Amino acid sequence: MSNITNNENPGISTSFYNDIKSIIIDSKNAAIRSVDFQRVLMYWRLGERIFVEEQHGKDRAEYGEYLVTSLSKQLEIEFGSGFGIRQLERSRQFYRLYPITSALRTQLNWFQYRLLISIEDDYKREYYELEAVNNGWTGRELERQINAALYERLLISNDKEAVLAVARKERIPEHPAEIIKDPMILEFLDLKRHASYYEKDLESALITHLQDFLLEMGNGFSFVARQKRLLVEDDEFFADLVFYNRLLRCFVVVEIKMQKLTHQDLGQLQMYVNYFDRFEKLPDETPTIGILLCTAKNDTLVKITLPEDNASILTSKYQLYLPSEEALLGEIKGVLELAESGEK
């Protein structure tokens, strides 16, 4: 028998043993998800019942507050701190935002729904809900994407309808700007804010935290190579990082610069993109994309250096720490207002 497994039981094949392991692990995971979703349903039913009871005293504005406060005191005595005033208020809000129980996502747990109901904008909430399900985000990953203003950063290069259409799987992204974000937030690297680094240090940190970097890169990315060797006659060049995006169906070459970009940097990346298009890309694949990650950039320089119809080279400023929500949204708002003024 081929594929013999460990020495303890040489009569069992590796493939058979792995199948058995998968069944056990999948069943355990399904049981955990089932328990998590029952908790979601419990809070939904609590919210529904509280909301209905409130309507009986709707002629008294203070009745809802009195009801939740009194109910919480009794529940905490019998069931503990998990049923405090804030939790019951969340349950009520949960029901009001998701009044149809069949529309609840079995893939999401209560922590994720807590994050979603804290979002006031309906379109923004829908986007994060869809992406959490589509990409299998954990609660922490969803929290990170919300805190890093993923939705707003995508709106810099796209309109709201296009962003939601991709999340709803109504259309496949056609242009790099629909996926690539600017700025990119790399706080997960946990590098000191004011320290000096070489490009290889940042590159090594990205590889160490590759799963987090792929999450930040966006939908459809898979890792291909680090320091990819490109041989042009007798000259050697090395592309920092190479990815493949299955949605856009193309290679993505990422170059890292620790200083403000120059036209030489853009020229180098353009050469790498040309190389992949001519020697790596298959005939049915779309043209290669180049992304230049830099600490600062001059958009005018980029426009002057690259052709007017450029669609293959993108620049993205990266930040090694997560700014405050106010600072990040303020920066994004400024970019959006600048773009709107340029259209008029």
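Source: prediction; values computed, not measured.
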Inset, instruction - Could you give me the CA-CA distance, side-chain angles and deciding distance for R144 and E141, then say whether salt bridge (charged side-chain N to carboxylate O under 4.0 Å, His left out) is met? - result: CA-CA 5 Å; R144 189 263 171 191; E141 288 172 339; over 6 Å; no
Looking only at non-hydrogen atoms, find the nearest pair between [X] and [Y] and report the distance.
X: N245; Y: L248; value: OD1-N, 2.8 Å
X: A239; Y: V253; value: CB-CG1, 3.9 Å
X: C250; Y: T286; value: CB-OG1, 3.2 Å

Is the shortest side-chain N to carboxylate O distance from [X] to [Y] below 4.0 Å?
X: R171; Y: E178; answer: yes
X: R168; Y: E126; answer: yes
X: R92; Y: E48; answer: no
X: R249; Y: D284; answer: yes
X: R153; Y: E216; answer: yes
X: R125; Y: E129; answer: no

Can you check whether [X] and [Y] have ring centres sitting under 6.0 Å from each other?
X: W110; Y: F37; answer: no
X: Y98; Y: Y113; answer: yes
X: F243; Y: F251; answer: no

Do [X] and [Y] make a side-chain contact, defined as non-hydrogen atoms from C-beta onward lying under 4.5 Å apart?
X: L206; Y: I256; result: yes
X: F238; Y: L230; result: no
X: E236; Y: R229; result: yes

Legend entry - With sequence neighbours excluded, residues passing ring pair (Phe, Tyr, Trp, His ring centres under 6.0 Å) with Y128: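 Scan of Y128 (ring pair (Phe, Tyr, Trp, His ring centres under 6.0 Å), adjacent residues dropped) gives none.
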Taking the side chain from [X] and the backbone from [Y], do they hold a donor-acceptor pair closer than 3.5 Å?
X: D121; Y: Y123; value: yes
X: K124; Y: I119; value: no
X: S72; Y: F83; value: yes

Inset, instruction - Count the heavy atoms of every other residue, nucleotide or ligand shown that sit under 6.0 Å from CD of E161, and state whether that count exceeds 12. - result: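 Atom CD in E161 is crowded, with more than 12 foreign heavy atoms closer than 6.0 Å.
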